[in-house]
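Position 1 is the first residue of the sequence, and the numbers go up from there. Since this is a predicted model, take the numbers as computed values, not measurements.
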Amino acid sequence: MKFDIVVWGATSFVGQLVAEYLVEHYVKKGELNIAFAGRNKQKLEPLAHKLNVPTLPILIGEAQDETFLTELAKQTKLIISTVGPYALYGEPLIKACVEQGIDYCDLTGEPQWIWLMLQRYEAAAKASGARIMHCCGFDSIPSDLGVLKLQQLAMQTHSQPCQQIHYRFKNSKGGISGGTFTSMLTALEQIGKDKKQARVLKTPYSLMSEKVDNMPYQTAVKGLEKDPVSGQYLAPFIMASINTKIVHRTNSLLGMPWGKDFLYDEAMQLGAGFKGWRKGIALVSGLLTFGVLASFSFTRSILQRYIVPKPGQGPTMDTVKNGFFNVELYGSTANGGKVTLKVTGQGDPGYGSTCQMISETAILLLQKTPEQTGVGFITAASGLGLDLVDRLQKHAQVTFTQLSVD
């Protein structure tokens, strides 16, 4: 193989951050051999010069060109894809990686697309030895690995896993890029046309590795609610739709170690009293308004044309580098044990922190053998486990801190 990693979509907003991270931390130290790939040579070459690696290989091709993507896959051990919406542009690359038996990581938060890729390519990926890992950024690393780490703590302290875990997004500083908005609008458009994809979006078990009968009903925060335990107001967390599915897929890929009755939900924690209520009203109203506008083609086109950022646009670099996220997970075991874990990240969660998470995930995946990770469509937690927790804490400014055990 000529390359360890190819960054596909290196000039997208997050692709540039991934490229910069890999170059500064690994390429310039001689620890990694990478290439940039995309469709625009006039953007890729300036990026290489900006990062002071003017001789870095540049590979030019289109996202729908299967011949090019096949040749791309033949030249590398792993491809990091930042080209979204994945539902529009992602399948040909998945097909090429599966056919060539090479590894792949992406940042998708589109469950309906992941479900479709599983239907079409999971068996072939297992046969070829390809390792396909979706959701390697803010969605869904903190959720996936946070649950894994919390379950380890529960086993150590209570000798049984948590039967229920609540994920609470407490606060953050960051922004949303045009690519993310486009992915959200594309997903809403597709599920409006396809009832199967709509069911996938609504069902937390839809990405499990195999169907299990009599799974329990998973509660979800759908509006403004008051947490009876903390007294704080809760509101829907926009990433819950993908994160809950990845957590349940991990449980299934690991052989259901947390049980078939494992319950998991996610919500935003907004604070108590009038201040928390006011924040909740504003947030829920905004989500409802966006959802209504995004549900109709005419208003959706207005959002895309005049309101949301365009693809390639995103938060300022100050926000990217100085942002943060703070999440807490509360677990309870069948015998009444309690465990609490805090997960934090430095950098805008969707970009500054995400570029570190996907880069370090990809590097660890390369270091692991297929016998260690499994093959096919794996998750970060099922394939890389607690070794990835350790790596992210060491290299990616992501922390997993035990807060309490009762």
Side-chain angles (χ1 to χ4, degrees), residues 1-108 117 121 125 128-134 136-137 177 179 182-183 311-312 314 351 354-356 358-363 365-367:
M1 298 284 186
K2 291 173 64 175
F3 310 114
D4 298 313
I5 294 175
V6 169
V7 181
W8 173 239
T11 59
S12 70
F13 187 82
V14 72
Q16 294 181 60
L17 298 173
V18 171
E20 179 181 7
Y21 182 86
L22 291 173
V23 167
E24 294 301 323
H25 289 82
Y26 295 99
V27 174
K28 289 183 178 179
K29 297 177 182 178
E31 298 176 5
L32 207 60
N33 184 22
I34 74 170
F36 295 162
R39 64 179 183 177
N40 194 325
K41 183 177 181 180
Q42 285 67 41
K43 290 184 178 180
L44 287 165
E45 287 185 344
L47 175 63
H49 283 273
K50 175 186 174 183
L51 299 178
N52 295 314
V53 285
T55 61
L56 195 81
I58 302 294
L59 308 173
I60 309 299
E62 294 289 338
Q64 304 300 330
D65 187 340
E66 293 191 13
T67 300
F68 165 76
L69 294 174
T70 297
E71 292 304 311
L72 182 70
K74 288 179 179 179
Q75 297 181 67
T76 188
K77 299 175 184 176
L78 183 148
I79 295 177
I80 292 176
S81 174
T82 68
V83 178
Y86 293 89
L88 296 181
Y89 305 116
E91 183 173 355
L93 182 57
I94 291 287
K95 182 173 183 287
C97 291
V98 167
E99 289 177 348
Q100 299 306 314
I102 73 145
D103 300 335
Y104 166 98
C105 295
D106 71 23
L107 297 170
T108 185
M117 294 303 97
Y121 301 107
S128 71
R131 296 181 293 183
I132 308 298
M133 191 176 289
H134 298 299
C136 297
S177 74
T182 302
S183 295
Y351 306 99
T354 278
C355 77
Q356 299 178 70
I358 191 172
S359 298
E360 295 297 342
T361 299
I363 291 169
L365 183 59
L366 285 177
Q367 294 175 354

If you look at every heavy atom in [X] and [Y], which pair is closest and at what distance?
X	Y	answer
Pro57	Phe3	CG-CE2, 3.5 Å
Cys97	Ala130	O-CB, 3.7 Å
Leu32	Ile5	CD2-CD1, 4.0 Å
Leu47	Ala10	CD2-O, 3.3 Å
Leu44	Ala37	CD1-C, 4.0 Å
Ile80	Ala362	CD1-CB, 3.8 Å

What distance separates [X] [atom1] from [Y] [atom2], expressed to the nearest 0.5 Å?
X	Y	atom1	atom2	answer
Tyr86	His134	OH	NE2	10.0 Å
Ile102	Lys74	CD1	NZ	12.0 Å
Leu22	Asn33	CG	CG	12.0 Å
Thr67	Glu62	OG1	CD	13.0 Å
Thr108	Ile94	OG1	CD1	9.0 Å
Ile60	Glu45	CD1	CD	7.0 Å

If you draw a 6.0 Å radius around NZ in Lys28, do more than 12 non-hydrogen atoms from other residues or ligands fall strictly inside?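 For Lys28, atom NZ is crowded (more than 12 foreign heavy atoms under 6.0 Å).
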Step by step, work out the side chain to side chain contact (heavy atoms under 4.5 Å, CB included) result for Phe36 and Ile58. CA-CA 5 Å; Phe36 295 162; Ile58 302 294; 3.9 Å; yes
Can you tell if the side chain of [X] reaches within under 4.5 Å of the side chain of [Y], non-hydrogen atoms only?
X	Y	answer
Gln100	Thr70	yes
Leu365	Met133	yes
Thr354	Val18	no

Any idea how Trp8 and Phe68 line up, ring-wise: parallel (<30°), tilted (30 to 60°), or perpendicular (>60°)?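 Ring orientation, 0 to 90° scale: tilted.
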If the threshold is 4.0 Å, N to carboxylate O, is there a salt bridge linking Glu99 and Lys95?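 Yes.
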Is the closest side-chain donor-acceptor distance between Tyr351 and Gln16 under 3.5 Å?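 The answer is no; no qualifying pair exists.
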